[in-house]
Each structure stands twice: as C-alpha cells, then as structure tokens.
Amino acid sequence: MGERDGEGSAEEYETLIQTTDVELLKKAWRQEKAAPEIMKFEADLIARLTGQIELVEENVEQDAQSGIDPLTVSLYQMDLDRTQFLLRSYLRIRLQKIEKYIFHILATAELYNRLSKQEKAFAKTRCLVDLEKHLEESVLSKLPNNYQSIFKQSMISEENDMVAKPQLDTFVVCKTKYYLGHIQLEDNEDGPSDDRVNQRPLEEPFEMEPDVLYFVRYKAIKRFVEEGRIDLF
Amino acid sequence: MAGQSDPNLSIFSAEEVEFMAEDELLEIVPNMRMDKLTLICGDFGPFFPQMPAQVPLWLAIALKKRGKCTIRLPDWMSVENLTQTLEVERDSQESFQVLPFHYVEISRLLFDHARGDIPDVYTVRSLIEDIRDVRFHKVETSLESFEDARSSAVKVKNLSAMEVNLVRPFVGRALQAFYKHGSPELVPNPDRIPPRRPQATDNIQRRPLRKR
C-alpha cells in the first residue's frame with residue numbers, strides 16, 4: 001500500500017496503514033461517481049481486492065458445507081456481498097463513462113491511459129467497432145454526403161463537434177483533509193476576451209478548510225483530485 | 001429533485017448513501033460468544049457476553065436481527081442532546097449544528113431494527129424529524145441567497161450526507177448556470193430593489209449596469 005515517498009508525518013503514516021482496502025475502494029467509487037471524467041484505474045487495489053474476494057468466496061463455500069455456525073457464515077457472506085457491490089459498481093460506472101465518451105477517450109492519450117487493460121480492449125473492440133457500425137448503418141449512410149462523418153456534424157465543421165466530451169465545468173461536492181490555500185478558481189482560458197467587463201474578475205485565491213464540504217467547479221480542483229489531496233463526495 | 005434530461009452519472013441514490021452510512025462504527029453488547037471475524041473490511045471480535053464491542057452498523061443490525069446483541073444508543077441520540085440540538089438549530093438562522101454526517105441514515109436504521117434498544121423511542125424519533133425539518137428549511141432559504149455568491153465555490157458547513165445528496169443536483173446546476181452566464185452581470189447592486197426579477201438568461205449583450 002505504500003506508494004508514497006516518505007513525505008508524510010507520522011500521523012499520515014498511521015492513517016495510511018490503518019486504511020483498509022475496502023475503504024480505499026469506497027473512496028475510489030465515490031470519486032468515480034462524482035467526477036465528470038474518468039479517473040485513473042486503481043489497478044493494484046482492484047487486483048488485491050479481487051484476490052481477497054476469491055479467497056473469501058472459497059472459504060465461505062467450504063464453511064457452509066462443513067457445518068460451521070450459519071450465523072458466522074452469513075456474516076462473512078454479507079461482508080463479501082458488500083465488497084462485491086462496491087467493486088461491481090465501480091467497474092460499471094467506469095464502463096458507463098467509457099461508453100458515453102468513447103470517441104473522446106480514444107482520441108485523448110491522457111484519458112486513454114487511465115483505462116485498465118480490459119477496459120482498453122472493451123473500448124477498442126466492442127464499443128468502437130459496434131458503435132461505428134451501428135451509426136453507419138442506421139443513420140449516417142442515409143444522410144447526404146457531406147454529413148456522413150461520425151465525428152463532425154458536417155464537412156465544413158472545424159472541429160470534431162459530434163464527439164461527446166465530459167463537462168468539466170460541473171460543480172462537485174468535495175472536501176480536503178488538510179488545509180489547502182491558493183486555489184485559483186477562475187481561469188482565463190475559456191471565454192472570449194471581449195470588452196465587456198473583462199471576463200470574470202480574478203478573485204483572491206480560494207482557500208479550503210479541512211473537513212468542510214464545498215461546492216466547487218470540477219475544473220478548478222482537477223489537479224488536486226488527481227494528486228489525491230481533495231476527496232469528492 | 002427535478003428530472004434531468006440526461007442520465008447523470010454522478011447521482012447517488014438514497015440506498016447508496018445508506019450503504020455508505022452502514023460502515024459507521026457503533027457499540028453493541030453481545031449476549032453470546034463468537035470468535036473473531038476476519039472480514040474483508042476489517043477484523044472484529046472476538047465477542048463475549050456482556051462485553052461491549054465496536055462494530056460497523058450493518059454488522060450490528062445483522063446481529064440484532066438475530067437476537068444476538070443489544071445496541072447501545074450513540075450519545076448524540078439521547079433525548080437531552082437532541083432536544084438541545086433542536087433548540088440551537090431553531091435559534092440560529094445561518095449555521096447548522098454539528099451532527100454526525102450520517103445522522104439521518106443511522107437513526108433511520110436504528111428505528112427500523114433496534115426499537116427496543118432506544119428508550120423513549122417516539123420522543124427521539126419526533127425530535128429527529130423536527131431537526132431534519134428545521135435544517136432542510138434552512139437549506140432551502142439559503143439557496144435563495146446563492147444569487148449573491150460571486151465566487152465559484154460555495155461552502156456548506158455541517159451539512160449531513162442525506163441533505164447534501166438531496167440538494168446536489170439542483171445546486172450543481174444552479175451554480176453552473178450562474179457561472180456560465182458570467183458573474184459580472186449577476187453582481188447585485190447594493191441598493192437594488194428587493195423584489196427579484198427573474199434573470200433573463202439569453203445571451204444578448206447588455207450594457208453593463210453602472211460601472212463600479
């Protein structure tokens with residue numbers, strides 16, 4: 001579990017070793033649910049958990065047959081069910097996001113690299129091929145010549161405007177564990193520069209107190225989420 | 001809240017919020033002996049009769065259902081504490097009292113499954129419902145003041161999980177709409193007239209109101 005370099009204080013280390021895999025999975029699940037774009041696949045965590053789940057599944061079967069107290073067996077089963085639910089839900093949300101933003105993900109290397117090996121295979125073969133084929137046959141071939149591209153609305157579009165992109169502007173609920181100052185909330189990259197009131201005034205950098213929930217634009221805190229310093233809820 | 005045009009991936013259902021609440025620890029007093037449980041989510045036990053132990057809520061409920069333990073009421077759920085919380089909640093217009101993040105779910109599960117372990121269960125229940133009403137009313141009124149929020153971030157202090165989940169879709173989209181239509185136009189003049197005109201959301205260029 002120790003992927004960190006030794007920057008943490010003793011307290012952080014304590015928390016790190018006490019955090020169970022299930023809690024890590026719960027956190028990853030929450031992040032994935034709350035974030036508009038797909039997050040990095042937690043390959044190690046999932047591998048460990050899958051291993052543990054399989055082990056427990058075998059044990060439960062054996063126990064159930066060898067006549068161990070059914071109460072104990074049912075408790076183990078409940079715990080197993082809970083963990084499996086988290087795992088399945090996590091994987092399903094990711095698949096939903098992949099299906100929704102398939103063209104965008106395949107076109108953006110950064111996003112594509114966040115997928116697991118199986119997800120990449122899924123995206124390339126089932127998603128892409130099937131979807132393309134379906135769109136071709138049912139709609140595109142029947143449209144006039146200039147409008148037949150999957151990616152562009154028409155041949156004269158400058159960008160691929162038929163590609164669905166995740167809305168990074170959505171507001172998400174988030175929380176930080178340690179104090180975070182100097183978060184730049186406004187960015188000047190979007191918004192044309194017109195003479196109106198000079199886009200949005202750049203406000204003082206925003207601070208976040210620990211353990212308090214905030215509604216913030218996802219784009220502004222994206223970097224912190226990726227570094228793991230902000231949790232989404 | 002209101003239906004949305006696209007199936008939003010980021011919505012937690014009420015059951016999922018309850019699922020998360022079920023991991024909260026509380027104290028039980030078992031009436032039997034059981035060996036240590038090495039669960040995926042942690043180790044619990046071994047359990048001895050009459051010796052209190054800390055377990056997650058889902059485990060406590062499971063044991064309670066099979067008559068294997070009694071659940072000790074969490075301190076914040078006592079009649080005195082709740083009455084006091086309700087008082088303070090009613091008095092302060094702005095802030096929310098500190099309550100456990102999952103207080104709604106925890107109390108609901110305990111009412112459903114561990115009635116016998118709660119003294120004055122009806123009082124406790126009605127107190128909690130009152131607290132919920134007062135808090136939610138506060139949330140609703142504070143939503144109206146979002147218009148004044150110039151920053152693109154809103155702080156919600158001491159809100160509980162269920163409450164956040166209820167307002168999340170609405171607040172998210174409201175804040176997004178504010179952001180999209182540009183804050184300069186929405187900055188209210190300090191002496192603007194109280195009756196709120198619905199903000200027109202078309203993108204026609206407007207002459208900026210009085211330069212500050």
Side-chain angles (χ1 to χ4, degrees), chain A residues 20-23 26 29-30 32-36 49 52-53 55-56 59 69 71-72 74-76 78-80 82-83 85-86 89 93 96-97 100 166-167 169-174 183 185-186 191 194 196-201 203-204 206 208-209 212-217 220-221 232-233, chain B residues 6-12 16 19-20 22-23 32 34-35 37-45 56 58-59 61-63 66 68 101 146 149-159 161 164-165 167-168 171-176 178-180 182-185 187 205-208 211-212:
Chain A
T20 62
D21 277 347
V22 170
E23 278 177 37
K26 199 157 84 161
W29 171 69
R30 273 199 331 245
E32 201 69 64
K33 265 237 173 199
L49 273 169
Q52 280 181 298
I53 290 183
L55 192 62
V56 174
N59 284 348
D69 171 32
L71 170 64
T72 316
S74 79
L75 292 178
Y76 275 102
M78 279 177 74
D79 173 61
L80 187 62
R82 288 177 68 88
T83 315
F85 165 73
L86 277 178
S89 194
I93 302 171
Q96 271 184 319
K97 282 189 194 172
K100 197 164 167 183
Q167 279 275 43
D169 266 346
T170 30
F171 275 77
V172 292
V173 182
C174 63
I183 303 180
L185 278 185
E186 313 283 3
D194 43 350
R196 238 180 350 147
V197 194
N198 190 23
Q199 303 133 325
R200 294 167 238 284
E203 307 166 16
E204 330 74 72
F206 174 64
M208 282 179 68
E209 293 166 38
V212 176
L213 288 176
Y214 291 89
F215 273 90
V216 189
R217 255 174 81 230
I221 55 164
L232 300 179
F233 172 68
Chain B
D6 62 340
N8 207 332
L9 295 164
S10 70
I11 296 296
F12 287 95
E16 284 166 344
F19 180 78
M20 291 197 281
E22 284 174 342
D23 280 332
M32 47 73 203
M34 196 157 78
D35 286 334
L37 289 170
T38 337
L39 303 174
I40 302 183
C41 66
D43 296 337
F44 304 103
W58 64 267
L59 185 53
I61 302 276
L63 289 174
R66 292 164 175 80
K68 301 290 182 192
F101 192 50
F146 272 9
R150 289 190 53 207
S151 65
S152 338
V154 175
K155 188 156 103 165
V156 276
K157 208 161 175 157
N158 289 333
L159 218 53
V164 169
N165 198 42
V167 302
R168 188 214 315 267
V171 171
R173 282 174 30 203
L175 287 175
Q176 212 176 336
F178 282 145
Y179 186 80
K180 196 164 92 172
S183 51
E185 289 177 353
V187 172
Q205 289 275 7
R206 276 204 183 82
R207 242 185 34 234
K211 267 291 203 170
R212 302 282 214 92

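Side-chain atoms are counted along with the backbone in the values below, which use heavy atoms only and exclude waters and symmetry mates.
Ring geometry for B/F12 against A/F233 counts as parallel: the plane angle stays under 30°, on a 0 to 90° scale with 60° as the upper cut.
A pairwise comparison of heavy atoms in B/C41 and A/T20 identifies O-CG2, 3.8 Å as the closest pair.
To the nearest 0.5 Å, the span separating CZ on A/F171 from CG on B/L175 amounts to 4.5 Å. In this structure, OG1 on B/T38 lies 3.5 Å from OH on A/Y76, to the nearest 0.5 angstrom. The NZ atom of A/K33 sits 3.5 Å away from atom CD of B/E16, with the distance rounded to the nearest 0.5 Å.
Residues B/I40 and A/L49 form a side-chain contact, since some pair of their non-hydrogen atoms from C-beta on lies under 4.5 Å apart. Using a 4.5 Å heavy-atom threshold, the side chains of B/F44 and A/L75 count as separate. Contact annotation: the side chain of A/V56 never approaches that of B/L39 to less than 4.5 Å [non-hydrogen atoms, C-beta and beyond].
Side-chain atoms of A/R82 come within 3.5 Å of backbone atoms of B/F19 as a donor-acceptor pair (strictly under, hydrogens ignored).
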For this session: Output, in order, the C-alpha distance, side-chain angles, deciding distance and verdict of side-chain contact (heavy atoms from CB on, under 4.5 Å) for B/N165 and A/V173.
Result: CA-CA 10 Å; B/N165 198 42; A/V173 182; over 6 Å; no

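Contact count against chain A (heavy-atom pairs under 4.5 Å) is highest for B/M20 among B/M34, B/M20, B/K68. Contact count against chain B (heavy-atom pairs under 4.5 Å) is highest for A/E209 among A/M208, A/E209, A/Q167. Taking chain B as the reference chain and counting heavy-atom pairs below 4.5 Å, the highest number among A/L232, A/V22, A/T72, A/L213 is found for A/L213.
For A/T170, the parts sitting under 4.5 Å from any heavy atom of chain B are the backbone and the side chain alike. For a residue to count as touching a neighbouring chain, one of its non-hydrogen atoms must lie under 4.5 Å from one of that chain's; by this rule B/D23 touches chain A with backbone and side chain alike.
Partners of B/D35 by salt bridge (charged side-chain N to carboxylate O under 4.0 Å, His left out), not counting sequence neighbours, listed by chain and number: B/R33.
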